[in-house]
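Structure record follows, encoded as structure tokens.
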Amino acid sequence: MLYKSVLDLIGNTPIIEIDKKITGLKNVNLFVKCELFNPFGSLKDRAGYAMLKDKIDEIKKSGAVVIESSSGNTAKALQIVCSINGIPFKTVTNRIKVPETKNILKVCGAEIEELPGLSECPDPTDPNDPVAYIERLVSENNGKYYHTNQYTNLNNPKIHFETTGPEIEMDIGQVDYFFSTLGTTGSSRGVIEYLSGKNPNLKKIGIIADKGDNIPGIRNKDEMYEVGIFEKSLYDEILTVNSMQAIEQMLILNRKIGILGGPTSGACFFGVMEYLKKIDESLDKSVNAVFVACDRMEWYMSYIEKRRPDIFATDTKVENIRNISDGDIENYAKTIDVENVSTWIEENKPIIIDMRGNLAYKNGHIKNSINITDVFFDDIVENGLPFSSENKVLLVCATGDKSKKYSALLNKKDLNVYSLNGGMVEYRNQNQPIVRNLKRTLV
Amino acid sequence: MFKFTPKVHNSIENVIEDKDFLFDLGDCYGSPYNVLIPENIDENIKSFQDVFKQNNVVGKIFYAHKCNKSKAIIKQMLKNNICIDVASLGELIDVVSCGFCGDKIEATGPKNDDFIILGLQHKITFNVDNFSELDTIVKYHKKLGIKGAVKILIRLNNFHSDETKIINKVSRFGFPISEFENVLDFVSEHRDVFNLIGISFHLDTVNMIEKIIAIENCISLFEVMFDRGFEPYVLDIGGGFKLNYIEDKAQWNESISELKEDIATGKNSLTWNGKTFGLSVKNNILHGTLNIYNYYDELVKEKFLDAILQTKLSKYQNRKIAEILSENMIELYIEPGRSLLDNVGFNVAKVNFTKMDAKGNTLVGLDMKRSDLLIGEQEMFVDPILVSQKENQKKDDCGVFFIGNLCMENDMIFNRKVFLETVPQKDDLIVFMNTAGYFMDFDQSTTLGQKVATKVILSKKGNGKYKQYTDENFNPFKE
């Protein structure tokens, strides 16, 4: 299909009905609104564009920088809308907890500023929050910044009232249960207001993160006060989900349904199933329930890996220094003592490889040694060695432990590798000759 | 339930279970009084040293004297063979009088001439803060005819990262990193006076990333110093290893939620006269950050140090900080205060009276002032423990406010309500747990003629019983 602008792809996302064989529900038809199909990959594309749409020319003319406090999808959407229109964008955050998210923002060209952590002796008069920081920046630099302010910007809920809500209703008809994760609450508020208008009996369920845990884009109980939802009246029920549950359910979404939603979608799906399993039996008629898959899982690899390292573990058969046995070290390692090393080097003319970090090498090394830091040496060992059994090799590390393991590992493959006993620490302690690489001459 | 139950160390629990003993101490020393058990320091020191060992790092611990004035504590540090960090002439005199030699003393913070002169005579290490200080050292080094160069660390601030743009809080301590070359120029011109052993920083933040950035910056400066022919071997990363005061994580989380809800809904039933600790409410929306110390924290003390040492630096081939330090033979200096005094002491105050305020709140008047416990505006979210000899106690359902003994409206011990099992009554004792670091004598004053707390030192004898000492007379070497 031909489009003139990527922005035309925002919205009109598909809605998918989940097979009852998967949900195990009798009376509930469960639908997932696939907001991850938006062009920049998340639900926030709608709000990001809506908050800027009518202002683009004005901002461009004034030369202002768009500024927002977001560490994730909103920043991404705003950044792309801005950059394709030639407007600079800056995001101010407390902390970005998922490194990939930060990298994606950087690839898209965003400027990121992070606020410093709390003082050890906290000052109660220090507002220390990104919104207060932005407000100060905006007022101190008249006209330099345009603050989209997703938390109070009415275009945020409005776009969902005007597009997301009607799309759902048009595709599946009456909605009886609507589930959404609570972040800025702009999207859920807009959708709920629209759907409630069509069905006054709509049950609204909000999902929040367990305190002391972190699910991207979802607030915990305390953080909800920062968006003013503590009256709780908008929701019939609020459920708490933790990150392990979120990931578990995300895997079902990914593997059984084929929707590559991220942990936030998983959290929502988890809340959905908890709630619906309880009420399913008691229903006397078929009902429609909808939840939102808000973004994609690819951006959360380190987040998932941190919580579920088992998913990423592989059974490695290849022998390396991490799994070499003590017996092998005993049998195969060859070592040279520091007091004999100078003579040994002279007689054998070995290739000397210093495996320490580059700074340490620079600061002092054995004459004629070359520096291949252990992380790189690891790659070399795995991918093919640049020396063979006719070369004698002397490996040098800081303490002689790592080099001894490599010596055993390589000698087992019929190479001729020695380790300096005690490493550079011992070498230095015995005042053996050292070469320094200095940028400038000594003062 | 709005509760902040303190964690209590076994040894401390044994002491406070003996009610008669606590009341006897009260009769003897008046209210308030402070109790210290110096030997509990030993396990804290060991836990840090174990982390050094596990990470193959040569490390030195400098106890930050400023967090408690006790001499008994200083002597216990000396007995553990660690070093000490002093921040004034008075502190230097203190530690010298307790037996510390110059090679184990480091001076930090702002320094007047007298401090510098005495420090030079004792051959202590100077953690240099500014150019004027360098000048003063040169001047007195000559005038005093000091033999040999004086060990210095250059204190730096305003670190930056290529990967993370953190908005820096401006620090009043040390040289901005951009001045580093100029400092080296000055030091180079006076090689007979200065022995540059390394660089230092202390960041007033509980955030690890900021400390990591500072360490990465400092390591790159070692290269600069090597290139200029210096032989530095010390990186001093300051203190701030934090402490956990609270028994139960879930209780902490729930109670903080309750506090936020109370403030957000405008009920303000948990705080004195609408105090909000940094939060504000506009249009039913909560703004700002709850600016309180994280009294519940998991990554503290030696665990925090370990986490720092285990962090990999992308700028250095993703090597762990511990590896970079040990490979480059850089020693790590740390300056913990609070975290070395975990489980070492508690404060005790007597209840003077109880009364009701106009809103029907129960006020418990203690015979102590706010500054006997807290520094400035800080608030303590750790509940005290009630020790009573009374038979008929009333259950406490509504919570109480603890107020101080100064004839001043603002002398509140806490600006938040405390919920205890029973309502305190006149002559009961209130015990504040784990206060040895910063919560004992930091702001102590005799304003309005009110006394400062007496320190009682307890030390376990062979029979398992504690013996009492005054702070002056306790000396672990004599035992």
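It should be emphasised that the depicted structure is a prediction, and the values quoted were computed from it without experimental measurement. Chain A is the first sequence line, chain B the second, and so forth, proteins listed ahead of strands; every chain is numbered from 1.
- A:K76 NZ: more than 12 foreign heavy atoms inside a 6.0 Å radius.
- Other residues, nucleotides and ligands contribute only 12 or fewer heavy atoms inside 6.0 Å of the NZ atom of B:K312.
- From B:I285, atom CD1 reaches atom OG1 of A:T152 across 7.5 Å, with rounding to the nearest 0.5 Å.
- Separation of atoms CG (B:N328) and OH (A:Y361) is listed at 14.0 Å; rounding is to 0.5 Å.
- Shown here is A:K106, whose NZ atom has more than 12 heavy atoms of other residues, nucleotides or ligands within 6.0 Å.
- Heavy atoms only, all atoms of each residue included: A:L359 and B:I219 are closest at CD2-CG2, 3.5 Å.
- A heavy-atom distance below 4.5 Å is not found between the side chains of A:E114 and B:E210.
- With contacts defined as side-chain heavy-atom distances shorter than 4.5 Å, the pair A:N358/B:R319 does not qualify.
- A salt bridge does not link B:E258 to A:K211: none of the charged nitrogens lies less than 4.0 Å from a carboxylate oxygen.
- B:D227 CG to A:N363 CG: the interatomic distance, rounded to the nearest 0.5 Å, is 9.5 Å.
- Neither the backbone nor the side chain of A:N220 comes within less than 4.5 Å of any heavy atom of chain B.
- Per-residue heavy-atom pair counts under 4.5 Å with chain B were compared for A:M424, A:E111, A:E113, and the maximum is reached by A:E113.
- Interatomic distance, A:N429 CG to B:M329 CE, rounded to the nearest 0.5 Å: 7.5 Å.
- No donor-acceptor distance shorter than 3.5 angstrom exists from the side chain of B:Q317 to the backbone of A:V375, with no hydrogens or angles considered.
- Both the backbone and the side chain of B:I256 come within contact range of chain A, each with at least one heavy atom under 4.5 Å from a heavy atom of that chain.
- A donor-acceptor pair is defined here as one N or O able to donate and one able to accept, closer than 3.5 Å; such a pair exists between the side chain of B:E327 and the backbone of A:G357.
- The NZ atom of A:K221 sits 10.0 Å away from atom CG of B:N253, with the distance rounded to the nearest 0.5 Å.
- For A:K405, the NZ atom is loosely surrounded, since the number of other residues' heavy atoms within 6.0 Å does not exceed 12.
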